[in-house]
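Take a look at the structure below.
From a predicted model like this one, the values you see are computed outputs, not experimental measurements. In what follows, chains are A, B, ... by sequence order, proteins preceding strands, each numbered from 1.
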Amino acid sequence: MTTTSQNLLQPRVRFAPSPTGYLHVGGARTALFNWLFARHFGGTLVLRIEDTDLERSTPEMVEGILQGMRWLGLNWDEGPFFQTQRMEMYRAAAAQLVLSGHAYSCFCSKEELERRRQAAAAEGRPPKYEGTCRRIAREEAERRKAAGEPAAVRFAVPDSGSTSFDDAVFGKVEFANSELEDFVLLRSDGVPTYHLSVVTDDIDMRMTHIVRGADHISNTPKQVLLYQALGAPLPVFAHVPLILGPDKTRLSKRHGATSVMAYRDEGIVPEAFRNFLSLLGWTPPAGTPEVLGDAELVRLFGLDGISKSNAVFDRAKLDWFNTEYIRAYPAEKLWPLIQEEWTKAGVVPERTDEVWLFSTIDLLKPRARNLKDFATSFRAFFTDHYETDPAAAEKFLKDPALRQMLVELAGRYAALSEFSEAETEKVLRDFAAEKNMKAGALINGSRVALTGQGVAPSLFAVMVSLGKEKTVARLQKAGG
RNA sequence: GGCGCUAUCGUCUAGGGGUUAGGACGGAAGAUUCUCAAUCUUCAAACACGGGUUCGAUUCCCGUUAGCGCUACCA
């Protein structure tokens, strides 16, 4: 039997990244699915850092991954555990496997192995390890090791038969054992490889479900063999389809931002990112809307909704989710996120009273595409230190006569006692009629003069938000 | 190359032996005229191919093709 009954009431899952790079989109999605699964069932999410690749793992990347997890809002319940701090356990497991006859010492050097692989490739043979050292008697192997000869430990894969498992997403997957080679468990320097450390840890940490990328499907039979050799019950495997770039090849640097932190830098709201990511490879029950906040996601998530085919990362849709969240968020929720953008962009808001701030944010948010807009195109609402978009000025503010009109209009506004939307509009329209010019020209010109942008909310709402003093000053400034 | 997995609009997908094959993003057109990056309306857009099974396949089976994954003393 390849599966065992699992307790869905208290599932234990893990996210196990390797700190050889930042937290990328694919890893983030895997982390999210594990998080959703754990939260849905009230289970436990363990964070485990798989740093057994001593060459490529770095502390900076560990920090980068934790930072990514925090930005994504994916909290874990146990860990982070580091495999490099659990070396003794893997060595003990390897020793146990040698003792039970499931593994053996291999004295072939890396160079020798590489040479044989080349030769096999040249002859068109599969580059599989032939099991040379499997024939060395245990006593002799012990003697050679004692003499100081470096040795790795390999798993002795059965020569015949097959190994299968029931994947929660893909169903039954079966591999002929003859396709599997005697893979290395322990390197000659005593450091475990992936297969050994992952299985040892998953057993030790009592994982009930292994939710990971589909790129691990081919690795799974080796791990199943290890579970069996170690006498441990199998967890439920759930492989999730991969995320591809727009050209349908695996998502990589060539496709632009693959680090999740790049999305923070681009002004993406974490919850929007989670929503978008959740729908890459998973579909909620039929009839459910696509905009799903965390609570809904947690409530609806399940392994049965995971699809089998790879998904393309669609940036345009991410942006759409982002605008949906920015619009839906109340100003007070947007406020701290906006402050971060201001800090990054060096914007120092001139007014900080919440009533004004929140109403201005509410005025702006329907037109925001990302959080950065509040520090860039909306900048003029919060500070006098802003640039005017040359294209907008060219389009709406080019005419010198119009600019003079704006100065004159400023005078009318200066005399206004009630600075409301209705009043400011009336003043402008009366002025336009009096001067026999189109109100639209005045409105568009004023918009650029007031906001530095060609696109902004309704002009009179803008004026009220800015207040009389700024409106007058900026209109006057437009004159020259 | 070998092994494994996958295949519905451009993208994410629903569906399922008989449907006008549904939705969302994106796209196009129009409306609005106070801009559009807002809003509203409308439209275009898909079952990879070939064999079966069947009264009937997009759906089930086989094959082909394509894509992806694995094939390390990486994870």
Side-chain angles (χ1 to χ4, degrees), chain A residues 16-21 50-53 55-57 83 106 108-110 113-114 117 121 124-129 150-154 167 169-170 173-176 178-181 183-189 191-195 197-198 212-222 239 241-242 244 246 248-250 276 279-283 285-291 307-321 323 327 366-369 373 377 392 395-396 425 428 438-448 451 453-462:
Chain A
S18 177
T20 54
E50 311 222 321
D51 54 355
T52 55
D53 182 343
E55 315 275 275
R56 301 192 300 143
S57 299
Q83 293 191 319
C106 173
C108 301
S109 71
K110 237 172 151 171
L113 256 17
E114 183 52 33
R117 250 196 301 277
R125 285 184 288 110
K128 193 177 139 185
Y129 179 68
V153 174
R154 282 181 188 271
D167 194 279
V169 174
F170 289 91
V173 183
E174 183 169 26
F175 291 80
S178 59
E179 292 295 329
L180 275 24
E181 73 170 350
F183 53 99
V184 171
L185 256 24
L186 217 52
R187 299 174 173 89
S188 44
D189 62 1
V191 177
T193 63
Y194 170 64
H195 296 297
S197 56
V198 85
R212 61 181 11 168
D215 48 341
H216 287 292
I217 289 179
S218 301
N219 292 148
T220 307
K222 293 176 187 168
H239 288 95
L242 268 21
L244 272 23
K248 308 231 183 165
T249 62
R250 197 178 194 171
F276 168 68
L279 261 20
L280 246 32
W282 172 75
T283 314
T288 313
E290 293 194 13
V291 177
S307 54
K308 298 179 189 176
S309 45
N310 295 339
V312 172
F313 186 91
D314 182 3
R315 182 51 201 266
K317 192 151 190 180
L318 201 211
D319 288 332
W320 174 76
F321 274 110
T323 62
R327 281 181 199 185
R367 282 174 172 74
R369 299 200 66 71
D373 286 337
S377 51
K395 189 173 175 192
F396 297 118
E425 176 158 13
L428 185 140
K438 295 185 82 169
L442 241 23
I443 288 171
N444 291 332
S446 297
R447 175 177 291 107
V448 179
T451 67
Q453 299 291 317
V455 173
S458 168
L459 181 67
F460 306 105
V462 170

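- A donor-acceptor pair under 3.5 Å is formed between the side chain of A:T193 and the backbone N or O of A:V184.
- Under a 3.5 Å cut-off, the side chain of A:K395 and the backbone N or O of A:N444 do not form any donor-acceptor pair.
- With both pairing distances under 3.5 Å, B:U54 is matched to nothing as a Watson-Crick or G-U wobble pair.
- When the salt bridge (Lys or Arg N to Asp or Glu O under 4.0 Å) test is applied to A:E174, no partner is found at least two apart in sequence or on another chain.
- When the salt bridge (Lys or Arg N to Asp or Glu O under 4.0 Å) test is applied to A:E290, the partners found at least two apart in sequence or on another chain are A:K317.
- Remark: A:T20 engages A:S18, A:R56, A:S57 in a side-chain contact (heavy atoms from CB on, under 4.5 Å) (not counting sequence neighbours).
- Under the rule for a ring pair (Phe, Tyr, Trp, His ring centres under 6.0 Å), the partners of A:F276 that lie at least two apart in sequence or sit in another chain are A:F313.
- Between the side chain of A:N310 and the backbone N or O of A:P241 there is no donor-acceptor pair closer than 3.5 Å.
- When the side-chain nitrogen and oxygen atoms of A:R125 are compared with OP1 and OP2 of B:G1, none of them lie within a distance under 4.0 Å.
- Base contact: A:C108 has a heavy atom under 4.0 Å from a base atom.
- Within 4.0 Å (heavy atoms only), A:G281 reaches sugar-phosphate atoms of the nucleic acid but no base atom.
- Checked against B:C74, B:C5, B:A72, the side chain of A:R117 finds its nearest nucleotide in B:A72.
- If you check B:A48 for Watson-Crick or wobble pairing at under 3.5 angstrom, you find it paired to B:U64.
- Contact annotation for A:R327: backbone-only contact, meaning every heavy-atom pair under 4.0 Å involves sugar-phosphate atoms and none involves a base.
- Annotation: salt bridge (Lys or Arg N to Asp or Glu O under 4.0 Å) contacts of A:D319 (sequence neighbours excluded): A:R315.
- Considering only side-chain atoms of A:R367, the nucleotide from B:A38, B:C34, B:U71 that sits closest is B:A38.
- Mapping A:R56 and A:E425 onto RNA chain B by nearest heavy atom places A:E425 at the nucleotide closer to the 5' end.
- Nearest nucleotide to the A:T52 side chain, out of B:C34, B:G4, B:A75: B:A75.
- The main-chain N or O of A:P192 is found under 3.5 Å from a side-chain atom of A:R187 such that the two form a donor-acceptor pair.
- Within the nucleic acid shown, A:G440 comes within 4.0 Å of sugar-phosphate atoms alone, with no base atom in reach, counting heavy atoms only.
- Contact annotation: A:S307 reaches the phosphate of B:U13 (side-chain N/O to OP1 or OP2, under 4.0 Å).
- Side-chain atoms of A:R315 stay outside donor-acceptor range of the base of B:U11, with no qualifying N/O pair under 3.5 Å.
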Polar atom pairs between nucleotides 62-70 of chain B and protein, under 3.5 Å, N or O only, would you list them?
residue	atom	partner	partner atom	Å
B:C68	O2'	A:N310	ND2	3.1
B:G69	O2'	A:D215	O	3.3
B:G69	N2	A:S218	OG	3.3
B:C70	OP1	A:R250	NH1	3.4

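- The base-pairing partner of B:U20, taking Watson-Crick or G-U wobble contacts with both distances under 3.5 Å, does not exist among the strands shown.
- Pairing for B:C34 is absent, judged as Watson-Crick or G-U wobble with the two contacts each under 3.5 Å.
- Considering only residues two or more places apart in sequence or on other chains, A:A311 meets the side-chain contact (heavy atoms from CB on, under 4.5 Å) condition with A:L280.
- Comparing B:C5, B:C73, B:U35 by their closest approach to the side chain of A:K395 singles out B:U35.
- Qualifying salt bridge (Lys or Arg N to Asp or Glu O under 4.0 Å) partners for A:E181, counting only residues two or more places apart in sequence or in other chains: none.
- Contact annotation: A:R447 does not reach the phosphate of B:C36 (side-chain N/O to OP1 or OP2, under 4.0 Å).
- One can find a donor-acceptor pair under 3.5 Å joining the base of B:C34 and the side-chain atoms of A:S458.
- Of the listed nucleotides (B:C34, B:A75, B:C12), B:A75 has the atom at the smallest distance from the side chain of A:S18.
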Do nucleotides 20-32 of chain B as a string where each nucleotide becomes B, S or -: B if the base has a protein heavy atom under 4.0 Å, S if just the sugar-phosphate does, - if no protein is that close. ---BBB-------
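- Taking side-chain N and O atoms only, A:T283 has a distance below 4.0 Å to OP1 or OP2 of B:A14.
- Nucleotide B:G26: unpaired (no Watson-Crick or G-U wobble partner with both distances less than 3.5 Å).
- Contact of A:T20 with B:C74 (side chain to base): no donor-acceptor pair of N or O atoms is detected under 3.5 Å.
- Taking only side-chain atoms of A:E179, from C-beta outward, the nucleotide of B:C5, B:A75, B:G2 with the closest atom is B:G2.
- Figure legend. B:C3 is base-paired to B:G69; pairs are counted as Watson-Crick or G-U wobble with both atom distances under 3.5 Å.
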